[in-house]
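Here is the structure we will look at.
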Protein chains: 2
Amino acid sequence: MLTTERKALLLDILGKEGRVVAKEVSQKLGLSEDTIRRDLRELAGEGLLQRVHGGALPASKALGDLPTRRNVSTDDKAEIAKVAAGMIREGQIIFLDGGTTTVSLARALPKALRATVLTHSPDIVTALLDHPAVDVELIGGRIFKHSNVAVGAVAIEAISQIRADLYFMGVTGIHPEHGLTTGDREEAAVKRAICRQAAETIVLASREKLGAVSAYGVVSLHEVDGLVVGSKCPENLLGPLRDLGIHIIDTSA
Amino acid sequence: MLTTERKALLLDILGKEGRVVAKEVSQKLGLSEDTIRRDLRELAGEGLLQRVHGGALPASKALGDLPTRRNVSTDDKAEIAKVAAGMIREGQIIFLDGGTTTVSLARALPKALRATVLTHSPDIVTALLDHPAVDVELIGGRIFKHSNVAVGAVAIEAISQIRADLYFMGVTGIHPEHGLTTGDREEAAVKRAICRQAAETIVLASREKLGAVSAYGVVSLHEVDGLVVGSKCPENLLGPLRDLGIHIIDTSA
DNA sequence: AGAGTTCGTGCATTTTCGTGCAAAGGCAAT
DNA sequence: ATTGCCTTTGCACGAAAATGCACGAACTCT
């Protein structure tokens, strides 16, 4: 078995099954796990896949640091993404924020959906590469590395020249009094700008965001047209928001 | 057994089985492995196959789709990336093209290097996330999915407002007469625009690009200030380029 | 917190590579 | 025929690559 060939095979498996398990492959090929691990390590070095404990995952799914991302309400996010995806109509122009939840949303879009997606997030762009019917328009600007999105005057200028039907916003805090908040001023400014240009703003919030407050305000809750939350949200958190007239979409519905 | 005949046989096996193992063939034909290796080396020199440890694989994958493209001559690319990375000075403003080679370059940049990178490629942005000292400025525009880069009027407009010290360009073809070529008209236009804004343009080309010609012209070779190629490039391909006054940087140097 | 995996690295062994060299054969001019 | 030149082939040898094993560290799960 030629080394190069084997690496190609690994990528092949990855493409077909969405993951590679070092142990399985080593048994199937009759080679030591060390060899497979080494291959995976090298492929990861070239950015062709993402190394994880026990094997490897596609590189495109590399977002945020692993320890954080792994345990935080993953099912929640997948649910939210699925519901949000269902809100999009054929032919609409959609603004997608950066963040793990919105990337899930992008990935959850029907492959056949004909729509236009505007985004300032490279991750969203990558997630939509295999949605042939979706046109993607990327907003440029200075990259804010902590969240991997474009920010700054250039981004806001570009945003101000576009109008969208829907904006799916991600935030780090949503609070009855303090409204929507996020951890960076520049990001907040961009979100605000997008909000202005979108006919409708939908906030995606996994459970831990409810009732939380971060440093920088984005917009007040009056600007929000809808809020998609996970299915297991306690009413004591949702109630105050509902009272403010926000349309709350529960994923259990 | 005639030499030519044997080479044809090797290509035949490659076509049928998708690979050639030097040892197997040498035993089957009753010849030394050296002879087979020599044949393979020569065929590789003609671009008819790709030499790998233990044998050879098809070369035609250079034109495949994105996932496939990524496997082609990866060592070559890593070498090129390393050398190119060494050409960057502290504090410079660099334009990085999209493409696998330039992504390797991004990854190969010293973590401590203080510089500004301009790019229209989401992949480059992602690759630079863990380079804290590198400022990244993303060029927006319509996403051309085949290569995952921003193109179109918006991109070109944004590019025209920036000037850079260095531009590392990737192409699919570089030919003494036809100059630099690539497979998409929009991409060609973007590359041309960047070239205009950069003080110096360096082309990165793995072996299979030399002498190749694609559909759309980018710029003539006069615009090129440097060319970085892999270490094992035959002189018959490099000579004509050198004659045009292009500064060729061999990775073996 | 502890048991069981998995990881990465260093090291030794085996395989493969590339080059230099010489033997063997073909071919043309002398 | 002989000489000189070129090609082909195999062999030798140092270099590079690939693989497996061992061991201590890191990770996962309960």
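The analysis underlying the following values was restricted to heavy atoms, covering all of them including side chains, and did not include hydrogens, waters or symmetry mates. The sequence lines fix the lettering, A, B, ..., with proteins before strands; numbering per chain opens at 1.
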In 5'-to-3' order, the base (B), backbone-only (S) or no-contact (-) status of each nucleotide in nucleotides 1-15 of chain C, using a 4.0 angstrom heavy-atom cut-off, is -----SBSB------
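- The side chain of Thr35(B) places an N or O atom within less than 4.0 Å of a non-bridging phosphate oxygen (OP1 or OP2) of dG10(D).
- Between the CG atom of Leu31(A) and the C1' atom of dA18(D) there is a distance of 10 Å, given to the nearest Å.
- Within a 6.0 Å sphere centred on CZ of Arg107(B), other residues, nucleotides and ligands contribute more than 12 heavy atoms.
- Val134(B) places a side-chain heavy atom less than 4.5 Å from the side chain of Lys145(A).
- The interatomic distance linking Glu42(A) (CD) with dT19(D) (P) rounds to 10 Å, in whole Å.
- At dA18(D), none of the side-chain N or O atoms of Arg6(A) fall inside 4.0 Å of OP1 or OP2 (strictly under the cut-off).
- Residues Leu227(A) and Ile202(A) fail the side-chain proximity criterion, which asks for heavy atoms closer than 4.5 Å.
- Separating the CD1 atom of Ile36(A) from the P atom of dC21(D) is a distance of 14 Å, rounded to the nearest angstrom.
- Between Thr3(A) and the phosphate of dA18(D), there is a side-chain N or O to OP1/OP2 separation shorter than 4.0 Å.
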Output, in order, the C-alpha distance, side-chain angles, deciding distance and verdict of salt bridge (Lys or Arg N to Asp or Glu O under 4.0 Å) for Lys16(B) and Asp12(B).
-> CA-CA 6 Å; Lys16(B) 283 204 188 82; Asp12(B) 208 45; 2.8 Å; yes
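- One finds the CG atom of Asn148(B) at 4.5 Å from the CG atom of Asp123(B) (value rounded to the nearest 0.5 Å).
- One finds the CD1 atom of Ile13(A) at 8.5 Å from the CD atom of Glu24(A) (value rounded to the nearest 0.5 Å).
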Compile the donor-acceptor pairs under 3.5 Å between side chains in residues 87-96 of chain B and protein atoms, sequence neighbours left out, one pair per line.
from, atom 1, to, atom 2, distance (Å)
Glu90(B), OE2, Arg114(B), N, 3.4
Gln92(B), OE1, Arg89(B), N, 3.0

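- Helix-axis bend for the helix from dA1(C)-dT30(D) to dT30(C)-dA1(D): the local axis fitted to the five terminal pairs at one end deviates from that at the other end by 40°, rounded to 10°.
- The distance from the CG atom of Leu48(A) to the CG atom of Leu10(A) is 11.0 Å, given to the nearest 0.5 Å.
- For the pair Gln27(A) CD and dG20(D) C1', the interatomic distance rounds to 16 Å; values are reported in whole Å.
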